[in-house]
Amino acid sequence: MDYYDLISISTRNMAIMNPTTPEKLRRAGEMAGLAAGEEVIEFGCGYGTVLTTLARGFGIQGRGIDLREDACRRAAEQIAAEGYADRLAVTCADVLDETPDCAYDLAACIGSTHIWGGLAPALEAMAAWLKPDGQVIVGERCWQHAAVPPDFARAWPGVLTEYEIFGCARDAGYEVRGVLHATADDWDTYESGNWGGLLTWLHEHPDDEEADEVREYLHQIQDEFAGYGREYMGFGLYVLVPV
């Protein structure tokens, strides 16, 4: 089964595909000083929850881009259901194939900097979409401890320490305005949501030829979380403002 199919299955019952909350997203918007009418671009927009949360809280308008067709359909439906179809749009495309359509006030990328191969190249790429004074909200995994078991660290080569995240931001011409860390409850809710989506699919497809693969993926992410993830993996929303 394709990796993105597994993601669609695991996140089927989730609004936000990361260990954060609408309240933290609103607080990030406040830190960025978002105002009515400002333009926001979100890369890897998932189910549109970030955009609708910012539209509801600040009156922004903007656009999301995501590769998965099912995610884009669901995002468009959510945007329409909340009454934002006149100011929010979703493009189903590979971000790497897209070019800026305008200069945005803020770029958001929550848990998807891997699109460009990591935080540093992501910040460089997003800058091309921004006004000179444009800001960034980025959601990143980070190590919670200096000493991470080598086997687990090798499985997540793109994860940085928070010290390294701050350095990447400064090297890209930003100051870190603020950070909102995921709590243990945020992580439990996120991980349990993934497990629930996979288990629901398995219940619905007991005889599917790909059921073993789905169950293997379920056990893999559970073992990662129980073995090391709960203790060593963090996540934060970082609000970056230009120098």
May I ask you to decide if the ring planes of Trp129 and Tyr104 are parallel, tilted or perpendicular, using 30° and 60° as cut-offs?
tilted
Would you mind reporting whether Asp133 and Val241 have side-chain heavy atoms less than 4.5 Å apart?
no
Could you pull out the closest heavy-atom pair between Ala107 and Leu130, with the gap in Å?
N-CD2, 3.5 Å
Tell me which pairs pass salt bridge (Lys or Arg N to Asp or Glu O under 4.0 Å) where either residue lies in residues 209-228, with sequence neighbours left out.
none
Hey, are the side chains of Lys24 and Thr21 touching, using non-hydrogen atoms and a 4.5 Å cut-off?
yes
Taking all non-hydrogen atoms of both residues into account, name the closest pair between Gly117 and Pro121 and its distance.
C-CG, 3.9 Å
Cationic N near anionic O, under 4.0 Å, Arg27 to Glu30:
no
For the residue pair Ser8 / Asp5, report whether a side-chain donor-acceptor contact shorter than 3.5 Å exists.
no
First locate atom CG of Leu240, then atom CG of Leu123, and finally report the distance between them rounded to the nearest 0.5 Å.
6.0 Å
Report yes if some heavy atom in the side chain of Leu198 is under 4.5 Å from a heavy atom in the side chain of Ile221; otherwise report no.
yes
Could you check whether any side-chain N or O of Asn194 sits under 3.5 Å from a backbone N or O of Tyr190, counting only pairs where one atom can act as donor and the other as acceptor?
yes
Verify the distance criterion only: is there a donor paired with an acceptor across the side chains of Tyr174 and Gln135 at less than 3.5 Å?
no
Residues passing the ring-ring contact (aromatic ring centres under 6.0 Å, His included) test with His205, sequence neighbours excluded, are Trp201
Excluding sequence neighbours, so at least two apart, what forms side chain to side chain contact (heavy atoms under 4.5 Å, CB included) with Asp86?
none
Spell out, as yes or no, whether a donor-acceptor pair under 3.5 Å connects the side chain of Asp171 to the backbone of Cys168.
no
Sequence neighbours excluded and cut-off under 3.5 Å, please list the side-chain donor-acceptor pairs for residues 136-149, or say none.
from   : atom 1 : to     : atom 2 : distance (Å)
Glu140 : OE2    : Thr113 : OG1    : 2.5
Trp143 : NE1    : Val159 : O      : 3.2
Gln144 : NE2    : Glu231 : O      : 3.3
Gln144 : NE2    : Met233 : O      : 3.2
His145 : NE2    : Glu231 : O      : 3.0

Start with the C-alpha gap between Ile110 and Phe235, add the side-chain angles, then the distance that decides, and say whether side-chain contact (heavy atoms from CB on, under 4.5 Å) holds.
CA-CA 10 Å; Ile110 313 302; Phe235 183 89; 4.1 Å; yes
Going by ring-ring contact (aromatic ring centres under 6.0 Å, His included), name the residues that satisfy it together with Tyr228, two or more places apart in sequence or in a different chain.
Phe152
Using distance only, find each side-chain donor-acceptor pair of residues 40-53 under 3.5 Å and give its atom names and separation, not counting sequence neighbours.
from  : atom 1 : to    : atom 2 : distance (Å)
Tyr47 : OH     : Thr11 : OG1    : 2.6
Tyr47 : OH     : Arg68 : NH1    : 3.3
Thr49 : OG1    : Ala15 : O      : 2.6
Thr52 : OG1    : Gly48 : O      : 3.1
Thr52 : OG1    : Thr49 : O      : 3.2
Thr53 : OG1    : Thr49 : O      : 2.6

Any side-chain heavy atom of Glu98 within less than 4.5 Å of one from Arg63?
yes
